Amino acid sequence: MSRRPLSELAPEHVRRFEAYAPSPPDHVFLARHGLPHLLRLHNNENHLGPPPAAARVIAEYESGRGALYPSGDCYDLRQALGKRFAKDPGRFLVGNGSCEVIASVIKAFCGPGDNIVTADKTFAVYEWVAEFSGFEARLTPLRNGAYDPEALLEAMDERTKIVFVCNPNNPTGGRWNLDTTEDFLARVDGRAIVVMDEAYFEYVDKPDHPDGMELMERHPNVVVFRTFSKMYALAGLRIGWLCGTEEVVEMIRRTHIVYSVNGLGQAAALAALSDDAGHIAATRAMVAEARAYVHALAGELGLAVQDGEGNFAMLKVPVSDTLLARKLLLQGVMVRTMTGFRFPGWIRVSLAPMPMMQAFGDALRKALGKA
Amino acid sequence: MTKLASGVRLALPAEERFLGLACATAEQAAQTLGLGKGRTLRLVLAVEEVLGHLLRQGTLREAVELTLLPRASGVEARLDFAAETLDLAGMNVTARQQACDFAAEEDFGNLGLLLAARSVDRFALDQPGPGRFRLILRQHKDYPRPPAPEKPRVPPRPPLAFTAAPEQDELSWAVAQAANFHPAFELAEWMDRPGMVADLVQGGELCAGLAQDSEGRACGLILWTPPGKGVVSFRGPYILADEARAAVAELLCDGMLAQVARSETKGVFTPAAVADLPRGQFESLGEVEYELPDGTRRRFEACHRHMAEDMGAAVWSCPATEAFLRAAYERHFLLRDIRFVTPQGGRVPERSLFGTEVRASRAEAVLTPLLNGTDAGENAVRHACCLHAEGVRNVFVHLDLALAWQAGLAETLMEHGFRPVLLHPLAGRSDVLVLRHEP
Ligand SMILES: Cc1ncc(COP(=O)(O)O)c(C=O)c1O
């Protein structure tokens, strides 16, 4: 007797709905479209790779450790961070990327009817997490590519629990100096938590640049975010942290997930901290060279540049950024479109070693018909 | 956004004798919800036709639910029901013959579901779940259609700013002004009722952005559908000044894109690009010719732009549409793997089902396949002929290329007089292929 097909066991509505086919992983993608390479210049990654000590830890990571749970609160890493910044290790919370600690802070301080204040043209996750969690995100326009302190203060009210300041700002590279930051914090006067997201702190080499880790000793409402994803080139291992005063961190700890940071990430981050001076210097030199290249390229093609600090630069292009990104992708070059950052018509490119920048330049000329 | 009060719901047995009760309820409810007398009658007539048909057909299971909901611009009647099958066109056109015989259209004895579409402002059939159907009949309130107000004589004073939260009166004024600065064919057909636009915006069913000068006077307008999954559809930008039109247009488009940014929306789309659209920021998808309700023909250009990167995807196609798709993907630099639909040997049901959405003011209907069936080609033609006879001359089928069975329908549709006219990136779960009935 012929059996009916097993697929007919599924109800009609399941058979009827066919799964949407998502895009393939990089290697399949490359092979299928016959592309020579896929240059990832869209995520502000550090293409020099992690500091040597971290690279060694990753290469030598013992496979058996994969079977074991990691430290649930990143004990060793917090000890090292405490030593590095001369603070009690209990004042650090480590997360699965700093994206995770954004959620922890919002969950800790916001209740129904509360709001957060940040900029409109900045890293998206503050706004996203707030909105998805049911809290209003009040957005203020940038001023000369950096956060506008006056606008932030004006947007605050008694229901504002957190102000997120991305310094330097992704994607514009604009920043606050120490005076601006001190003045802003004085005027907030402890009415709300001020998160200083310093994801790109280690890229800045300016004497007047504020260090949130110091500011929090004078302004106890300051919470600092840092990450191992950018300068330390460990984005794939997802590890970032926050630091604040004991009182503040004690609150955030209650909403923070434990065991979310993997063991390899903890070990690699620990090693990265132990040996970063040469790596930071080399990365800054690489970024400076790439920045000069981008400015020259923009000059040649007649494009405006918006940049400042950090390992990225924005270019104004004469076509839709999303169309241009596809033209670049067909040449194996990935850039970030800026429409989602509320800069339609702009792209953002990571500042990477010269061979990658040159490949980007060639692809851009071709995409704009100026090859 | 104003939260609308909920409506009135009536559950009735699927028996014809309850039709009168349903109609009486619809009438009372619609009037209570603020619809004028004439409009209420049209809505009730449509409910009567549709429900009467369903009840007489005897294919309904369980009870029928009639819901009347207040909407920003009027009242919506919904019919929710379960049925074995539902064949909209079959309910009238099959009875009138299978062929496209327009000469025989005097036979209105068999008024069907699609005929009801003509008397309301919006008619839609959807299938929320297997065997469950929802028919939507929407009637707008009676809005005045004021003549265009006097053209402003003072040019706008810089600096200009964008606002996405315009005042009601300012918005109505701007909508009315659009006719002074744009040819009629560039205006959305509902823009002759500025009060309705303002109500839709107030009710969160439409979004509006204004360009304002230093004194707060509107000098530009753009309108778009609220962001959600898929794409946002927009009209404009409308420039209410003779000076600095390009700058105002750019301000409006950038403002809209900033509002849509960070939503799930994958793209923005306009079915009728205006001359002021900043071309550099958009991609032309092609032109579609419409036969308008007054009998004139006009070509409208559809333009689109993605909101984010597009890393490529796989889509389905049948051999008949391959060339059209490849050309479109090449033109738009889109990475797509085209997979061919091959008959899987699985059983295909006999009778297909199309969701239907009719917009009378544009004489347009969009058919969306809800169920596959061996009769899909004929069925779509039946719909097209029936709609044609009702004066709905522009009949399209939208196929979501994420779904093999939908992509596969193109073959039979093309054998039945449909032609691919547009590829609309990301408009469904994946790209949507638009076919048009060309008898
Ligand atoms: C400003 C800013 N903060 C946080 C992050 C997130 O970093 P992580 O990888 O630690 O989640 C990024 C990454 O792009 C960023 O640009």
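Note that the structure is predicted; figures quoted are calculated from it, not measured. Reminder, nothing fancy here: chain letters follow the sequence lines and each chain counts from 1.
At a threshold of 4.5 Å between non-hydrogen side-chain atoms, the residues B/Glu309 and A/Ile347 do not count as touching.
Of the atoms belonging to A/Glu131, not a single heavy atom falls under 4.5 Å from chain B. Heavy atoms closer than 4.5 Å to chain A are found in both the backbone and the side chain of B/Gln281.
Residue with the most contacts toward chain A among B/Asp254, B/Val260, B/Leu335, B/Val315: B/Leu335 (heavy-atom pairs, distance under 4.5 Å). Top candidate by heavy-atom pairs under 4.5 Å with chain A, chosen from B/Arg336, B/Met307, B/Arg305, is B/Arg305.
Residues of residues 116-124 of chain A having a heavy atom under 4.5 Å from any heavy atom of chain B, listed by number: A/Asp120, A/Thr122, A/Phe123, A/Ala124. Using a 4.5 Å cut-off between non-hydrogen atoms, the part of residues 323-346 of chain A that approaches chain B consists of A/Leu323, A/Arg326, A/Lys327, A/Leu329, A/Leu330, A/Met334, A/Val335, A/Arg336, A/Thr337, A/Thr339, A/Gly340, A/Phe341, A/Arg342, A/Pro344, A/Gly345.
The environment of A/Lys107 atom NZ is dense: over 12 non-hydrogen atoms of other residues, nucleotides or ligands sit within 6.0 angstrom. When the shell of 6.0 Å around CZ of A/Arg143 is examined, it contains 12 or fewer heavy atoms from other residues, nucleotides or ligands.
To the nearest 0.5 Å, atoms OG (A/Ser320) and CD (B/Glu283) are separated by 5.5 Å.
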